[in-house]
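Lettering follows sequence order; numbering is per chain, from 1.
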Amino acid sequence: MEILIKQIIVVTDGKSNVGGNPADAAFLAFRKGIRVSSIGIVDDGNLSIKEIKDIASSGGGVYDIIYSDDFIRSLSAVTQKSAEKTLYDTLDAELMKLIGKSIEGLHPVLRSQIVEYIDRLLDISDIRCAILLDLSGSMARKLKKAVNGIIDLLSTMKVRKGKSQFCLIGFPDGNDAYAKIICPFTSKINDIEIGIKNLKAGGNTPTYHAIKLATSLFETEAESIRGIG
Amino acid sequence: MLENGYVLTGIHNGRKYVVEKKIGNGGVADVYLVHDDKNLKYALKISEDLISITREYKMLTSLKNCDFAPRVFELDDALLYNKMYHYIVLEYIDGYSLDRLIKSGIDLESASYIFVEILDILLRLKRLGIFYTDLKPSNVMIDEVKKRIVLIDYGSTSAKDDTVKEFTPEFDRASWKVGLRKADSGYLSFEAGMLFVCLVMGKTFRHDYHTIGEVLKQSKSKLGKFYIVIIKALNGTYDINKLYVNFKNGCFSEKASMYLNYMLFIVGMIFVILMILAV
């Protein structure tokens, strides 16, 4: 069984204040097979916890509310849990087709084998993940921790047998543009490290546009692959 | 989530448990002290996350003959507030976690005695192909009734060379930047070595405020004869078998090699003196 796990992780410390409702963009992404998760950093108290929860519930992903000290652990846990969810839902749908029962409908003890299968798939499936980093003014002090967290995640994913590709999007891009691609999808840690080095924080929080941009990036990727085929 | 006195009924097996109090929460799950209709006490671990609860159940059933893991009695679902929850019923361990020992302080000899037992458990798990990668004080329980050490929380163990699923940055080799987050012998040695430093120093060190060098420097005098072995463990690649053997023998081999060095030096000196005399 070959599964490509597509996911977006939004990292923010504030309320979205430009553009539409981020949860709507997350929902659209989810309909296109991309799971959207969110991590909220609560250090300053400007964070809208409801918004973080809404992004994850509309985007079919998971959320985590943390202090910036905990970022490394959280990013790795959210990536993991969101990938697990994708595999779980895929198997759930397959099972429904095969025997007309969901995983939850099985006896708890029987589920063990399915969980074992998910664990195995988790290690060998390919993951494509876009990280959306909030670069609004209040993130300036937390940027270094966020960058460390991302580098840490990349080195963790190297251990897996499946391929992992990451892309990094920052929002806003200066004070006028909504979001920019810091680094397009790549499996080389170097590419991302170079992109990360010159990050500067400042401006609004257009979360909606960032999710939109990330979604379109997954699509162009798919088209270019189709083009080659 | 569950109030004291709440009666939880399993959907599949139909057993009832009365909640006494909350005794912990780890990541995605909450743990409650409960009793059944025969007034027997259990620990009940409940979560929305089907995967992690099922994973832990599977792991614990495979360890049911091991006295260092809590016994698991059943896995079932419960409907709470219109949401499906999953739970496992575990043996209740009447005791305290290493956190308490660290707060109250412990002398080097007792710390090393407990530590050898923990290493023994890690090794036994490793022989079964299970890498316990989330070792931390709150996951080590001392059972006061049965006088044994129990490792709790098997929801995030890894197979050899797999990515470490869950970790605590203070005890994680990758957070300290001395290796990958990969389940191998060196990872186990690192987390164990860090745990020993915490036991002896009575506090945990944070990776974003200290480097390994600083940790070693600060704890050097308190670690005493274990200092050299701990340096090796915190290196990130030390074999956990060697760590165990060294602690078991009270670092005898380290001491022996030191004395041997002295002996060689003295013999050498005598030889040189004899040579001079002969000339």
Side-chain angles (χ1 to χ4, degrees), chain A residues 62-64 66-89 91-92 102-124 127 144-145 148-149 151-162 164, chain B residues 10-13 27-28 48-62 72 74-79 83-89 134 155-177 179-184 187 206-209:
Chain A
V62 290
Y63 71 88
D64 201 4
I66 52 155
Y67 287 97
S68 55
D69 282 345
D70 205 20
F71 188 67
I72 290 186
R73 191 201 53 74
S74 173
L75 188 61
S76 138
V78 165
T79 316
Q80 177 95 15
K81 281 266 173 288
S82 148
E84 269 175 17
K85 259 190 151 176
T86 307
L87 294 174
Y88 179 90
D89 285 356
L91 291 184
D92 206 34
S102 66
I103 299 179
E104 266 195 349
L106 293 177
H107 190 273
V109 178
L110 279 178
R111 294 174 197 155
S112 298
Q113 285 156 7
I114 290 178
V115 168
E116 200 179 313
Y117 190 49
I118 290 179
D119 277 343
R120 214 165 41 229
L121 284 178
L122 209 55
D123 197 46
I124 58 169
I127 293 185
K144 199 172 165 243
K145 278 177 187 154
N148 282 341
I151 294 175
D152 183 277
L153 178 69
L154 298 178
S155 56
T156 307
M157 299 302 272
K158 255 197 329 202
V159 179
R160 291 177 348 107
K161 290 182 196 79
S164 332
Chain B
I11 291 178
H12 296 273
N13 300 344
V28 288
E48 276 182 72
D49 188 341
L50 181 146
I51 297 179
S52 87
I53 287 286
T54 310
R55 201 184 266 148
E56 180 153 15
Y57 176 80
K58 198 181 71 160
M59 192 51 73
L60 284 171
T61 39
S62 75
V72 62
E74 69 166 333
L75 167 68
D76 209 338
D77 303 338
L79 200 60
K83 245 187 202 165
M84 190 65 93
Y85 282 83
H86 314 283
Y87 65 83
I88 45 177
V89 178
D134 196 12
S156 55
T157 54
S158 305
K160 187 171 172 28
D161 291 339
D162 267 4
T163 324
V164 171
K165 291 198 190 77
E166 265 170 54
F167 57 91
T168 308
E170 287 87 334
F171 299 92
D172 165 45
R173 184 173 72 178
S175 299
W176 285 95
K177 297 196 174 55
L180 289 172
R181 195 166 291 133
K182 178 175 158 185
D184 57 20
Y187 194 94
R206 283 202 58 114
H207 65 96
D208 36 5
Y209 303 133

For Leu180(B), which atoms come within 4.5 Å of any heavy atom of chain A: side chain, backbone, both, or neither?
side chain
Give a yes or no answer on whether the side chain of Asp152(A) reaches the backbone of Ile72(A) with a donor-acceptor pair at less than 3.5 Å.
no
Using the rule given for side-chain hydrogen bond (donor to acceptor under 3.5 Å, both in side chains), can you reason through Thr156(A) versus Arg181(B), listing the C-alpha separation, both sets of side-chain angles and the distance that settles it, and then say yes or no?
CA-CA 6 Å; Thr156(A) 307; Arg181(B) 195 166 291 133; 2.9 Å; yes
Would you compute the distance between atom CD1 of Ile114(A) and atom OG1 of Thr54(B) and round it to the nearest 0.5 angstrom?
9.5 Å
Side chain, backbone, both or neither: which part of Glu104(A) has a heavy atom under 4.5 Å from chain B?
both
My understanding is that only one of Leu122(A), Ile124(A), Ile127(A) makes a side-chain contact (heavy atoms from CB on, under 4.5 Å) with Arg160(A); could you say which?
Ile127(A)
Less than 4.0 angstrom from a charged side-chain N to a carboxylate O is my criterion; do Asp208(B) and Arg206(B) meet it?
yes
Using heavy atoms and a sub-4.5 Å threshold, report which of residues 74-83 of chain A line up against chain B, by residue number.
Ser76(A), Gln80(A), Lys81(A)
Which bit of Asp161(B) comes within less than 4.5 Å of chain A, counting heavy atoms only: side chain, backbone, both or neither?
backbone
Greater than 12 external heavy atoms within 6.0 Å of Phe171(B)'s CZ:
yes
Which atoms of Tyr87(B) come close to chain A, meaning under 4.5 Å heavy atom to heavy atom: side chain ones, backbone ones, both, or neither?
neither
Is Asp64(A) close to chain B through its backbone or its side chain, or both, or neither, when contacts mean heavy atoms under 4.5 Å?
neither
Verify side-chain contact (heavy atoms from CB on, under 4.5 Å) between Val164(B) and Lys182(B), making sure each step is shown before the conclusion.
CA-CA 5 Å; Val164(B) 171; Lys182(B) 178 175 158 185; 5.7 Å; no
Between Thr168(B), Asn13(B), Asp162(B), which shows the greatest number of heavy-atom pairs under 4.5 Å with chain A?
Asp162(B)
Has the side chain of Arg55(B) got a donor or acceptor atom that lies under 3.5 Å from a matching backbone atom of Val115(A)?
no
Taking Asp92(A) for its side chain and Ser102(A) for its backbone only, find out whether a donor-acceptor pair lies under 3.5 Å.
no
Can you tell which part of Tyr57(B) gets under 4.5 Å to a heavy atom of chain A, answering side chain, backbone, both or neither?
side chain
